[in-house]
Number of protein chains: 2
Amino acid sequence: MMIRARDRILDAFAELLSLEGERHATLEAVARAAGVSKGGLLYHFPSKDRLVDGLCERLTELAAEDVQRMRSAPEGPARYYIRTSYWAGTPMDRALVGVARLQQAGFAAAQEAAKSVSENWLQALVDGIGDQSAARAVKLVGDGLYYNALFGALEGRHHSAPDDALLAVVDRITGTD
Amino acid sequence: MMIRARDRILDAFAELLSLEGERHATLEAVARAAGVSKGGLLYHFPSKDRLVDGLCERLTELAAEDVQRMRSAPEGPARYYIRTSYWAGTPMDRALVGVARLQQAGFAAAQEAAKSVSENWLQALVDGIGDQSAARAVKLVGDGLYYNALFGALEGRHHSAPDDALLAVVDRITGTD
DNA sequence: GTCTATATTGTGATAGAC
DNA sequence: GTCTATCACAATATAGAC
């Protein structure tokens with residue numbers, strides 16, 4: 001069965017945003033990558049702002065699922081968060097980097113969505129670690145990894161191997177060592 | 001004496017990029033903010049790519065000076081780096097966030113400049129701390145702060161007060177406590 | 001639901017006066 | 001060095017056929 005065009009369009013949008021940058025994610029480029037015409041795209045998303053909204057909603061859903069996994073992870077939320085903060089080209093990676101790029105381009109909806117998911121991750125870390133400062137430091141290390149992912153995505157780099165030495169440093173931050 | 005128009009233009013470009021996002025930093029908006037006409041701007045920077053180059057060069061200069069200060073800081077490079085990684089609206093903050101936004105919009109020159117200054121900061125941390133993993137973790141915390149600055153700039157938030165609790169965590173990472 | 005064709009606007013860039 | 005006027009093109013959006 002055919003994947004719904006609406007989903008293919010969001011896939012293409014996230015991919016162009018994360019791999020080529022916001023300037024290259026034009027409606028025409030997205031339509032072409034999704035295999036539809038510009039008019040076809042605009043049937044599903046009547047304006048670019050609505051397309052942005054669509055990706056923000058997808059990120060919100062994917063991030064909420066991730067927070068659930070994080071809260072119930074046997075290794076603890078800190079290690080889980082750091083281990084999964086590497087760019088691996090997953091749907092959530094592309095959605096997150098895509099929304100970050102939209103936010104930095106100046107789209108208000110992306111600003112709000114990025115802030116919201118960021119706060120949810122931080123809260124899960126605070127609840128799991130207990131200590132505010134340690135949770136914040138772990139969050140910052142993860143943010144740093146995402147920031148580096150913003151570069152890595154454009155360069156086509158993948159950081160597939162979770163870094164054991166870094167995880168050891170994280171254990172020192174949380175006091176688990 | 002009148003500040004050179006060329007510098008005013010770069011100031012305006014960095015400010016619009018960091019405070020309103022890349023989409024709003026059009027040649028017309030930059031010219032208006034700098035108090036010149038579009039034609040006047042294009043005398044100094046014949047194309048948008050040259051304007052981007054100009055900001056990248058400014059960042060490279062400011063970052064090189066900062067690396068010097070960092071290497072000779074009495075508190076050590078780690079604490080210096082973290083303490084100055086907060087968004088405070090300084091010229092270097094605006095240049096750095098501005099270039100980050102250009103990079104994520106898809107400008108290749110910004111990609112190279114951001115990568116270069118990032119590597120120089122990391123090298124200063126490695127040289128100062130000794131341990132590779134610890135230096136990398138400190139760099140990631142600083143990157144995380146910059147990543148948060150990408151949000152804070154748009155929201156007009158300033159993180160003027162260096163966070164003592166975070167600096168204490170950094171000491172634990174570097175083994176200085 | 002998807003297409004083609006077209007309208008509208010914004011953006012980067014040029015030409016030439018002063 | 002800076003301006004005004006204008007250009008060419010690209011990006012978003014609309015209209016209407018199928």
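Just so we're on the same page: letters track the sequence lines, and every chain starts at 1. As the structure is a prediction and not an experimental result, all values here were calculated from the model.
A donor-acceptor pair under 3.5 Å is formed between the side chain of B:Thr84 and the backbone N or O of B:Tyr80.
Between the P atom of C:dC3 and the CD atom of A:Glu28 lies a distance of 13 Å, rounded to the nearest Å. Summarising the geometry, the separation between OH on A:Tyr43 and C1' on D:dT14 is reported as 16 Å, rounded to the nearest angstrom. With rounding to whole Å, B:Arg32 atom CZ is found 10 Å from C:dT11 atom P. Put simply, NZ on A:Lys48 is 15 Å from P on D:dT14, counting in whole angstrom units. Rounded to an integer number of Å, the gap from B:His24 NE2 to D:dA11 P is 17 Å. The separation between B:Ile9 atom CD1 and D:dG1 atom P is 12 Å, rounded to whole Å. With rounding to whole Å, B:Glu22 atom CD is found 13 Å from D:dA11 atom P. Summarising the geometry, the separation between CG on A:Asp49 and P on D:dA11 is reported as 17 Å, rounded to the nearest angstrom.
Checking C:dC3, C:dG12, D:dA13 against the side-chain heavy atoms of B:Lys38 singles out C:dG12 as nearest. Here the side chain of B:Ser37 is nearest to one of C:dC3, D:dA13, D:dT4, namely D:dT4. In this structure, of D:dG1, C:dG1, C:dG12, it is C:dG1 that holds the atom nearest to the side chain of A:Arg4. You'll find that the side chain of B:Leu27 is closest to C:dA13, out of D:dC3, D:dT12, C:dA13.
Around atom CD of B:Glu75, more than 12 heavy atoms belonging to other residues, nucleotides or ligands sit under 6.0 Å away.
Looking at heavy-atom distances under 4.0 Å, B:Arg6 makes no contact with the nucleic acid at all. Counting non-hydrogen atoms under 4.0 angstrom, B:Thr26 reaches the backbone sugars and phosphates but no base. Using a 4.0 Å heavy-atom distance criterion, B:Leu42 is classed as a base contact.
Using a 4.0 Å cut-off between charged side-chain N and carboxylate O, A:Asp11 and A:Arg8 make no salt bridge.
Toward the 5′ end of DNA chain D lies the nearest nucleotide of B:Leu41, the other residue of the pair A:Gly39 and B:Leu41 mapping further downstream. Sequence order on DNA chain C of the closest nucleotides to A:Gly40 and B:Pro46 puts A:Gly40 first from the 5' end.
A donor-acceptor pair shorter than 3.5 Å can be found between the side chains of B:Ser118 and B:Lys139.
Within the 4.0 Å cut-off from OP1 or OP2 of C:dG12, at least one side-chain nitrogen or oxygen of A:Arg23 is found.
Between A:Tyr146 and A:Tyr81, the two ring planes are perpendicular [angle over 60°; tilted spans 30° to 60°].
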